[in-house]
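This report concerns only the one structure given below.
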Protein chains: 2
Amino acid sequence: MELSRRGDYAVRAMLDVATRPADRMTVTKEIALRQDIPPIFLTKIVSSLSQAGLLRTYRGVAGGVALGKPADQISLLQIIEAVEGPIYINRCLIRRGECDRDRACPAHELWVQAQGELLGLLANKSLADLARRAQELQQAPMADFAA
Amino acid sequence: MELSRRGDYAVRAMLDVATRPADRMTVTKEIALRQDIPPIFLTKIVSSLSQAGLLRTYRGVAGGVALGKPADQISLLQIIEAVEGPIYINRCLIRRGECDRDRACPAHELWVQAQGELLGLLANKSLADLARRAQELQQAPMADFAA
DNA sequence: CATAAAAGGATAAATTATATCCTATTTGCC
DNA sequence: GGCAAATAGGATATAATTTATCCTTTTATG
Ligand code: SF4
Ligand code: SF4
């Protein structure tokens, strides 16, 4: 019942890319340094994000990674599912009939609801939202100072 | 991001006890049979539920288990946390300061919200609710037949 | 061609989840 | 008292998953 490290790393990495100047490419190793993520592990995560279309990657000397689409079209759900696969709170939600009790199981209905709410929340939160909020949080101490 | 087997088993076991006549005790082995749970594993789960006060257990020849308190005072959250420990969606929610980025991390706020909603849902659903719904579901096919 | 980057396969290490075994303890009953 | 049936609990085994690294390949730049 816990987000994996992969998922947390992925969100941080995407956020890192999103909050850098868009005209310059970012290199995975530097993301790893800034975000304190094991560098080789991060390359795997970046690879998943790239395959999901959330990052665009460029090989070679001047290579690196950039957002695969505008930050407001990338949801947290997409990021997490890109690296962890589909989210399901209980196995009966993988697909109908995965648990043969699901028709008569009152808990099943509860999981359907809980999962719906969770996915809804994640699907409605965009990387752009997070990036904006990150900026606010960074400026918050300044604001205190200025006031 | 998935409920463990322990949690699912625990809910089923509690529901099994709750839907049996309250004047007779239930024996763990029979719960395991009815609910298709590995019997020896279930004894461990029952033990956790008992230590949390959700079940009362009785040793000896005429022993077994019974609800530790009225079904409407047992929430799904209590059941799951009894066998899985505290639920947290991401590690920064274990306790404040567990992740030293939490002050400046916009994702943290999202997890706080998501966790709040999930726990709220589980805390507000009682075993009695589930038992009632179980009965409805059992009668549903009959209703189809009668109509 | 040398260098710097991502891609990808194989594998290692660590952790957690699932499950069983064995012995002890409690209790009811003959 | 002694047997049988039940939970209690420690130790352990097995399996699965997660986390992380290593090594080789491919791609692009200058
Ligand atoms: S909640 Fe019910 S339907 Fe879902 S896996 Fe558990 S028993 Fe099956
Ligand atoms: S979401 Fe943010 S605060 Fe929470 S663990 Fe991840 S980085 Fe830390």
Side-chain angles (χ1 to χ4, degrees), chain A residues 1-13 17 24-33 35-68 80 82-91 94, chain B residues 1-13 17 24-33 35-68 80-88 90-91 94:
Chain A
M1 215 60 170
E2 190 188 347
L3 188 71
S4 74
R5 230 72 277 280
R6 293 177 72 88
D8 191 72
Y9 290 162
V11 171
R12 292 230 297 277
V17 175
R24 299 200 38 175
M25 227 174 304
T26 318
V27 133
T28 304
K29 213 176 200 173
E30 289 172 9
I31 303 177
L33 265 179
Q35 298 295 330
D36 195 32
I37 301 172
I40 318 181
F41 194 28
L42 182 57
T43 65
K44 303 299 182 178
I45 293 168
V46 162
S47 174
S48 298
L49 292 168
S50 161
Q51 283 176 343
L54 305 182
L55 285 181
R56 196 165 304 166
T57 63
Y58 303 88
R59 295 184 170 188
V61 155
V65 308
L67 289 189
I80 292 170
V83 299
E84 300 198 345
I87 291 180
Y88 40 90
I89 282 191
N90 200 353
R91 62 181 51 180
I94 299 178
Chain B
M1 215 60 169
E2 190 190 346
L3 189 71
S4 74
R5 231 72 280 281
R6 293 177 71 88
D8 192 71
Y9 291 163
V11 171
R12 292 231 298 277
V17 176
R24 299 200 39 176
M25 226 174 307
T26 318
V27 132
T28 303
K29 212 175 200 173
E30 289 172 8
I31 302 178
L33 266 178
Q35 298 294 331
D36 195 32
I37 300 173
I40 317 182
F41 195 27
L42 182 56
T43 65
K44 304 298 183 180
I45 293 167
V46 161
S47 174
S48 299
L49 292 167
S50 163
Q51 283 176 342
L54 305 181
L55 285 180
R56 195 165 303 167
T57 62
Y58 303 89
R59 296 183 170 189
V61 152
V65 308
L67 290 188
I80 292 170
E81 293 206 322
V83 299
E84 300 198 346
I87 292 180
Y88 39 91
N90 200 355
R91 61 181 52 180
I94 299 178

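What's counted below: heavy atoms across the whole structure, side chains too, no hydrogens, waters or symmetry copies. Each chain gets a letter, A, B and so on, in the order its sequence line appears, and its residues count up from 1.
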How many whole angstroms separate atom CD1 of B:Ile37 from atom C1' of C:dA17?
16 Å
Per side chain to side chain contact (heavy atoms under 4.5 Å, CB included), B:Arg12 is matched among B:Val17, B:Ile31, B:Ile37 by B:Ile37
Out of C:dT18, C:dG28, D:dA28, minimum distance to the side chain of A:Val61 belongs to D:dA28
Expressed as a whole number of angstroms, how long is the span from B:Arg24:CZ to D:dA6:P?
12 Å
Give a yes or no on whether the backbone of B:Ile87 and the side-chain of B:Glu81 come within a donor-acceptor separation of less than 3.5 Å.
yes
How many Å lie between CE on B:Met1 and P on D:dT18, as a whole number?
13 Å
Protein-nucleotide distance (A:Arg5, atom CZ; C:dT16, atom P), rounded to Å:
12 Å
Close side-chain approach of A:Leu67 to A:Leu55, heavy-atom, < 4.5 Å:
yes
Euclidean distance, atom NZ of residue B:Lys29 to atom C1' of D:dA4 [Å, nearest integer]:
12 Å
Does C:dA19 have OP1 or OP2 sitting under 4.0 Å from an N or O in the side chain of B:Tyr9?
yes
Would you mind telling me which residue lines up with the more 5' stretch of DNA chain D, B:Gly63 or B:Arg91, judged by nearest nucleotide?
B:Gly63
Given side chains that start at C-beta, do those of A:Leu49 and A:Lys44 come closer than 4.5 Å, heavy atoms only?
no
Donor-acceptor pair under 3.5 Å, B:Arg59 side chain vs C:dT25 base:
yes
Taking CG from A:Leu55 and P from C:dA5, how many angstroms apart are they, rounded to a whole number?
17 Å
Would you indicate, yes or no, if C:dA17 has its OP1 or OP2 atom less than 4.0 angstrom from a side-chain nitrogen or oxygen of B:Ser4?
no
Could you tell me whether the phosphate oxygens of C:dA5, OP1 or OP2, come under 4.0 Å of any side-chain nitrogen or oxygen in A:Thr57?
no
Length of the line joining B:Met25:CE and C:dG28:C1', which is rounded to integer Å:
12 Å
So do B:Arg6 and B:Leu42 actually touch side chain to side chain, heavy atoms under 4.5 Å?
no
Using whole Å, report how far CD1 of B:Ile40 lies from C1' of C:dT18.
12 Å
Taking D:dT21, C:dA6, C:dT18 as options, the one with an atom nearest any side-chain atom of A:Phe41 is D:dT21
Full working for side chain to side chain contact (heavy atoms under 4.5 Å, CB included) between A:Ile89 and A:Met1:
CA-CA 7 Å; A:Ile89 282 191; A:Met1 215 60 170; 3.9 Å; yes
Nucleic acid contacts - residues 43-53 of chain B versus DNA chain C, non-hydrogen atoms under 4.0 Å:
B:Lys44
For B:Val27 against B:Gly63, the heavy-atom pair lying closest together:
CG2-O, 3.6 Å
